[in-house]
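Have a look at the structure below before the remarks.
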Amino acid sequence: MQSQRELCSFPIAPSHKSKLTSAGFLITEDLKHLKPSELSKETGIGLEECLEILKLVCSESVDGSKRNEAPKPAVSALERLKEEQSLPPIITFSEGLDNMLGGGVPLCKITEFCGAPGVGKTQMCMQIAVDVQIPSQFGGLQGEAVYIDTEGSFIVERLVDIAKATVDHCNEMARLEGFKEGEITVESVLSGVHFYRCHDYVELLATVHLLPEFIKKHPKIKVVLVDSVAFHFRHDFDDLSLRTRLLTTMAQSFIKLATEFKIAIVLTNQMTTKFSPGEDSRLVPALGESWGHASTIRVILYWEGQKRWAWLYKSPSKKESRVPYQITMGGVRDIVTFPADNSNDQSDDEPSSKRQKVS
Amino acid sequence: MSSKKIRRIRSLSVDVVERLTKNNLITCKDVLSRSDLELLKLLGFGIFTIHNLRQQCSLACVPVCTTGLELLTKRKQGTGQFFQTSLHGLDHVLHGGIPMGTVTEIAGPSGCGKTQFCTMLSVQATLPGNRGGLEGKVLYMDTESAFSAERLVEIAQHKFPDLYNSEEDLCRMAENVLVDNHQTCASLIKKLESLEEEVITHRIRLVIVDSIASLVRKEFSSSAGSNLVQRTNFLSRQAALLKYIAEVFCIPVIVTNQITTRFGRQATEQDEEETTEISDGYVTVALGNTWSHNVNTRLILQYLDGEKRQVLVAKSPVAPFTAFNYTIQRDGIVQDEEGAGLYAGTDPGVQQINVRTSLPFYNT
Amino acid sequence: MSAVRPNLCPQLSEDVVSKLRSAGVKTVVDLIKTDLEGLALETSLPYKDLVIIRRLLLAQFSTFPVNCSDFYLTTIASSSIIPTPAEKLNELLDGGLYTSEVTEIAGEISSGKTQFCLSLCVSVVMKARQNVVFIDTCGGFSADRLAEIAESLYGEEHLEHILQSVKVIEAFDIFHLMTALQTIKDKMVKKVDPFYDTLKLLVVDSITAVIYPSLGGQQMDGHGLMVQLSLKLRHLAADFSLCVLVVNNVIGDGKVSLGKTWSHVPHCRLLISHPKDQESNVRELVLIKSSRLATGGKTKIGITEKGIEDWT
Amino acid sequence: MQSETGLQLLARLGSRPSIAGVLSPIFNDGPSAKDVIELFGTEGTGKSEILLNLVAGIILPKTWKSVNLNGKDASVIFIDNDYKFSILRLVTVMENRIHATLKNAPQAEENLTNDVELLIQKCLSKLSLIRCTNSSELLVTLYSLEQTLLSNPNISVIMIDSISAFYWIDKCNGGESLAAQEKNLTLISEVLSKFINSFSLIVIATKCALMKKRMREDYNLEKSASNIDRLKNDHQEFLCKAWGQLVTQRFHVEKQLASNHFKCHCIHLGSSKNADKTVIQFQITDNGIQVL
């Protein structure tokens, strides 16, 4: 029973595969200690292709993946637990949301926010892009963010508002605990957000493909945000199987990115109305059923009357739960339930003097 | 950009490019939307050449990366990033007015002032820079043939008497407003596709599409079923084109939308005293949920009582839910002093709109 | 079969090989297939040598039939049943998951597939005293959820032991997964790592995420890769009497993805779903395919901090 | 052919134990020598179950302790490419069958459990199992079987669980040319036909329905056509021509979703008898197949 790996389980062009099998090369053992010239003479494949096949099959460290790094060794769950506990999540300023997500947006995972129009998906992304840069003495990651915008709904002035609110908040906390102020400024926050504007799905694919090199060049990046991964895939896509294939491949490269560089991936998705026979039409996340499996954690943001709710719909480690939140001038905040505080929040007209709930 | 020809990528070797064209993979889009296995089968190269090819194509069409700071400084040098609407309360909340480079929608019941608003904005756009204008031409795409040149002139005369006191000033201003009539969706979409050189040749600084909903609701029935999907696709294509123009030329694009009646349970804590005479249905913005995604800012006009009207900021990336009263005067839309303030907003797709159902003389 | 090469067997010297090649005999199959008298004439090689070479090659490259009586004895000795934490489910599966079989659990989004795998890992480590390898292809593995289940079931003192007997491998595309399976097989054959000697359960979380991108489009070896992968999984299960648990997705109205070709692969297939009328943490399991049992049996489980439990 | 010893000559020419009448209702007059039977069906329709019951019926002795077990007392070679062969299931089927016949046989003594155990052990030695990883290995193994077939005259059936196991791998290895894709399977079919003719063997193989049903051009044909035409229409030959010509009988197995029963349609291919209309319903219970 040969325990060697068959050649056809490697990414080799079909025409080369047939030449290899007809020449009698079936398992990796056959190609051991063979020079490209010999292989080319025997099978009639071009010299460069022979070199690539030998490089692919024979060097144990090289496997079929895109980058030539060795396959990750088996890690015991204990080390994984230590690693998971050592990576602090990205805290947002709404305590309810943080507790629901288990401390904040976790690293090494794909978190997806699906939401109806105007419920605050873009606000959430901007809030996370700013929160990732909170200095470490306040429990932040002091990292940078990559913001990929496909919808064109990114208004830099809004980012300035959120950044200002966060900077004031941090300085306020610094004063209380006697740290040095000015650790974080609006300029440092703005220069920490790397912005890509993708006009169609091909540019999005290209950006995602080049992200590993980009992150290697900017090691401080801790979160990649894609605002509305659905926008370019929802209209004028005639071939649905191509769409699903592209989406699954992109999801796999996202999760590879997340685990390889220990960063968080945050996606937003739109909602669409589903007319299923029998029940009345209801809102479901866009991009169909098969996309749902791609994200590790899925949070559905929806309206109930005047209130905005976040519903943890899918999570490997947290129970299903819902928490209200609100969008203020300073960004995404908790709705603190004792009424006194709630009402004056609403009527306060001047945006800048908005009091933040200390998280 | 994605349709970049493979031939223009110099770093690819000759036989790679030749084999690509033999399999009619011409643009980066063809290469990038195929999986590794497909490329292996079509091209017959080794896996590392395929990875290198994908790398080169990605580098060729990846958008340029800028940081938030660069964006802010670029926006500051530009001709100001917001287009003033002359409603000072609204401008204040929207950080200076209608944001440039995005699509803004003005929705409301018929006769509530949508076209008046657009006409006033057209006048505003032709003003010189120091007066808050855009010093450029306006492209007014009218599908309901509701645009009236007299109203345009009347607003200009009364709003800016010092600028437009003479006859030929008014004529010059009127020439800057190019009105385009469209009766069918096909002609509208054709125009949108050829909009780019139109904007360049006439140096257009403001694009208005009056009632994007009327043509669509005429040609696609909104009942559930297949052509609803076509309708959504058509609208999304329109939105993509408009967004592209708005961003590339950094100009405001304004579309108007109509209202529709929705049945079924509306918001739960709807305040009781707002009883509407219609059955339990409620009135909201038309064209449904997917269209609401495509719009960045949504202003809803509604009736308050007989004479007064109200503009709601229903969806905006920068402003909270705020409402301002206004009345229509000879010099266009004028904001009332009192009555400004926050309102408890909800999903812009289902925001309830008050309509004037009974005739004014009836409820004196 | 592999090419005829000098060092294959003693009689095959250098010139014999070149003569055979000139006569068009390149692979072992060619040699075995051709009529030897004609070949002897053509290559002027002694007929006797050719017969010896043929017999040696036959012996070397074919698998020998195994007599079923001793196969029965070895199977009895090595196969065992892995009980799941839910009693009623064990009754449905006639004792639990069987080794040397590929079991598949398919479900929609957030239907509890990963929870099922995690709580099964804990029960294998504690009840069967065996090790587990968890291959994660979509980032769904959460170590602190595994720790939570282990701690709430068996308390603090066993936590360390449980976590050390579960190994996690990340594989994000089909070739990564093939390499991972190959390394597991090598380690078990070479017996170099004690962890793999007592390996009993192999979990592959979301096989769809890995296979789906290679199907469809203008290529045709996607199916070949899928069947290759399924063969590897079944060989691992049968040859090392492992229990292989594969997670698959359900799309649309209850249709399990990956189509007809994959439907033949698993020996037994469970469908997990979230019935609309039940509380948020109740799930229903249906046996929709089994080579041993009557299908169609249903049972209900609840997902709690202790993993999955019977739902009365 | 090489020179043969006398024994081998006898083995080749001598009659192999016939297994006519085994699992009678399904193979009504029993698979006769030189038959090639194909069990075709989608997943979970009991193809492997039928094979197991066949094996049980064949390797059991005719009589045992003066009780008529109506076994065929013949040997079987089982080639398991799908790795689905479960010997525990086979043993349970044999045990239940023996106990069933013992129960209603009057002169049976009381508990014979260890005797039954020994009997089963003896029967199992008549079954030999082969597991291959790819089609080339299967081909070489078949060639090496020639020796065992010559030396053991008792073997009368070769069973292959899923001849279509390596279809996709060969298709992917073969590159563009169809001939290269089907090379191995054609050679396998040739070897099998050589064995059938020279050793008058029986070959029983299962085939999985890997392809979706063909788009039926006119839908009304499907409704009006009789069962057999519909099934012919369902079955779409995707293996090579050589195998197609080899098959003499095809059993199309279907599963009735509602009642958990199975239906098995027998179709004679190319043989003189007209298309046989026999449709047999059976149920799978703990002790094997119960014909309804």
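Numbered from 1 within each chain, the chains take letters A, B, ... in sequence-line order.
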_Minimum heavy-atom separation for C:Val227 and D:Ala165, please, with both atom names._
CG1-O, 3.7 Å
*Got a second to check how far C:Phe71's CZ is from D:Ser128's OG, nearest 0.5 Å?*
12.0 Å
*Under 4.5 Å from a heavy atom of chain C, the part of D:Leu187 involved*: side chain
_So for D:Lys47, is it side chain, backbone, both, or neither that comes closer than 4.5 Å to the heavy atoms of chain C?_
side chain
_What I'd like to find out is whether the side chain of C:Leu231 reaches to under 4.5 Å of the side chain of D:Phe166, using heavy atoms alone._
yes
*Heavy-atom distances under 4.5 Å only: say whether D:Asn81 touches chain C with side chain, backbone, both or neither.*
backbone
*Highest number of heavy-atom pairs under 4.5 Å with chain C: which of D:Leu145, D:Asn173, D:Leu127?*
D:Leu127
*Most heavy-atom pairs under 4.5 angstrom with chain D, which of C:Ser79, C:Ser263, C:Ala238?*
C:Ser263
_Proximal component of C:Lys232, with respect to chain D [non-hydrogen, under 4.5 Å]_ = neither
*Which atom names give the shortest non-hydrogen contact between C:Ser291 and D:Glu49, and what distance separates them?*
O-OE1, 4.0 Å
*Rounded to the nearest 0.5 Å, what separation is found between the NE2 atom of C:His264 and the OG atom of D:Ser162?*
8.5 Å
*Best-contacting candidate, C:Leu58, C:Val51, C:Val66, C:Leu225, against chain D by heavy atom pairs under 4.5 angstrom*: C:Val66
*Point-to-point distance, once rounded to the nearest 0.5 Å, from CH2 of D:Trp168 to OG of C:Ser230*: 12.5 Å
*Using a cut-off of under 4.5 Å on heavy-atom pairs, state which of D:Arg89, D:Lys126, D:Lys171, D:Gln121 scores highest against chain C.*
D:Gln121
*Hey, what do you get for CD1 (D:Ile87) to OG1 (C:Thr74), rounding to the nearest 0.5 Å?*
8.0 Å
_Heavy-atom contact with chain C under 4.5 Å, split by part of D:Phe78_ = neither
*Where is the tightest heavy-atom contact between D:Arg131 and C:Thr63, given as atom of each residue plus distance?*
O-CG2, 3.8 Å
*So what's closer than 4.5 Å to chain D heavy atoms on C:Leu293: side chain, backbone, both or neither?*
neither
*Which atoms of D:Ser48 come close to chain C, meaning under 4.5 Å heavy atom to heavy atom: side chain ones, backbone ones, both, or neither?*
neither
_Straight-line distance of C:Lys260 NZ to D:Cys208 SG, nearest 0.5 Å_ = 10.5 Å
*Could you tell me which non-hydrogen atom of D:Tyr83 sits nearest to which non-hydrogen atom of C:His267, and how far apart they are?*
O-NE2, 3.1 Å
_Using side-chain heavy atoms (C-beta onward) and a distance below 4.5 Å, is C:Lys33 in contact with D:Tyr143?_
yes
_Residue, of D:Leu139, D:Leu88, D:Val91, that accumulates the most heavy atom pairs under 4.5 Å with chain C_ = D:Val91
_Using every non-hydrogen atom in the two residues, find where C:Gly224 and D:Cys172 come nearest and quote the distance to one decimal._
CA-CB, 4.0 Å
*Check each atom of D:Tyr167 against the heavy atoms of chain C and say whether the ones under 4.5 Å are side chain, backbone, both or neither.*
neither
*Shortest non-hydrogen contact between C:Arg234 and D:Asp82, atoms and distance*: NE-O, 2.8 Å
